[in-house]
There are 2 protein chains.
Amino acid sequence: MARAVRKSRKPVELGAESLGQAAECLRVLAHPARIRMVQMLLSGRYTVGELAEDCGIPDNVASEHLRLMQRCGFFTSERDGRKVYYQVAEPHLADIINCIESRFSK
Amino acid sequence: MARAVRKSRKPVELGAESLGQAAECLRVLAHPARIRMVQMLLSGRYTVGELAEDCGIPDNVASEHLRLMQRCGFFTSERDGRKVYYQVAEPHLADIINCIESRFSK
DNA sequence: TTGACATATCGTCATCTTACGATATATTGA
DNA sequence: TCAATATATCGTAAGATGACGATATGTCAA
């Protein structure tokens, strides 16, 4: 029962390399607490403890999430006394979070 | 060494419910072959075999990826003879893929 | 009907992910 | 110096994920 859309030939888009990176980036983002942390950090600078409390998870777990995201370039951190502040380093995160929000805001 | 950005108070954004859904959606997308399939299907209608070949994976593996994505509402499918065509059902996928592409092209 | 093709499903296994508790490190103030 | 606070790291165990081969289902054509 026939064609509805014409194939304009395979999309060229991303190479295997980039597909892998994109997938990894999405995998890192694909966790409720991590999405929340990105949202928070897009609106300011927060400590591990503040992020952990907001997410309702223990500090050490929050610290591991933050480390993961820092490793892949999402965040940078800087120490201020005994606290460590994290902030967004990857500018494209805002775009992706916007997509997510516009899809999932009720 | 002090504040760079003022906190405008916690972002209200998504509830725990929506965060969970968003995370699940990202997790489903977080695989090179699945990203590729979404890209393909955003530009037309393709069979399991065509998608599998393009991704360089066996048909049964492609079929499992497609099933996963169909389960969470990304795609619908319709049979035409012995072939099955998949197509995009979730309109927001285009937005997210655009974000990904603009980040990872090159 | 039979055989070939296209797709789907199932069981299994290796690997990854996550959370947890315990412990380690760094910084401050007494 | 010591104790308290904030963060980081490590080992581990439970659960999820992904690929594979084998098999099942559905469809067509001879």
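Residue numbers start from 1 in every chain, and the chains themselves are labelled A, B, ... in the order their sequence lines are given, proteins ahead of strands.
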Proximal nucleotide (of [options]) relative to the [X] side chain:
X       : options               : answer
B/Val48 : D/dA19, D/dT17, C/dA8 : C/dA8
A/His65 : C/dA19, D/dA6, D/dT27 : C/dA19
B/Lys83 : C/dT7, C/dA19, D/dT7  : C/dT7
A/Ser63 : D/dA19, D/dG26, D/dT9 : D/dT9

**Request:** Ignoring hydrogens and angles, answer whether the base of C/dT7 and the side-chain atoms of B/Arg82 contain a donor-acceptor pair closer than 3.5 Å.
**Result:**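 Check fails, no donor-acceptor contact within cut-off.
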**Message:** Nearest whole Å is fine: how far is D/dA8 P from A/Leu51 CG?
**Reply:**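 Distance check: A/Leu51 CG to D/dA8 P gives 10 Å.
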**Message:** Output the rounded distance in Å from CG (B/Leu66) to C1' (C/dT9).
**Reply:**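 That distance rounds to 14 Å.
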Using a cutoff of under 3.5 Å, can you pull out all pairs of nitrogen or oxygen atoms linking the protein to nucleotides 10-15 of chain D, with atom names and distances?
residue : atom : partner : partner atom : Å
D/dC10  : N4   : A/Glu64 : OE2          : 2.8

**Prompt:** Pick the nucleotide of DNA chain C nearest each of A/Pro58 and A/Gly81; which residue has the one closer to the 5' end?
**Reply:**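 Going by which nucleotide is closer to the 5' end, it is A/Pro58.
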**Message:** Tell me if a side-chain donor or acceptor on A/Glu53 pairs with a main-chain N or O of A/Glu50 at a distance below 3.5 Å.
**Reply:**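 Side chain of A/Glu53 to backbone of A/Glu50, a donor-acceptor pair under 3.5 Å: no, none is there.
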**Prompt:** End-to-end bend of the helix from C/dT1-D/dA30 to C/dA30-D/dT1 (five-pair axes, 10° rounding)?
**Reply:**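 Inter-axis angle at the ends, rounded: 10°.
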**Message:** Is the ring pair B/Phe75/B/Tyr86 parallel, tilted or perpendicular, if the boundaries are 30 and 60 degrees?
**Reply:**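 Because their plane-to-plane angle is over 60°, the rings of B/Phe75 and B/Tyr86 count as perpendicular.
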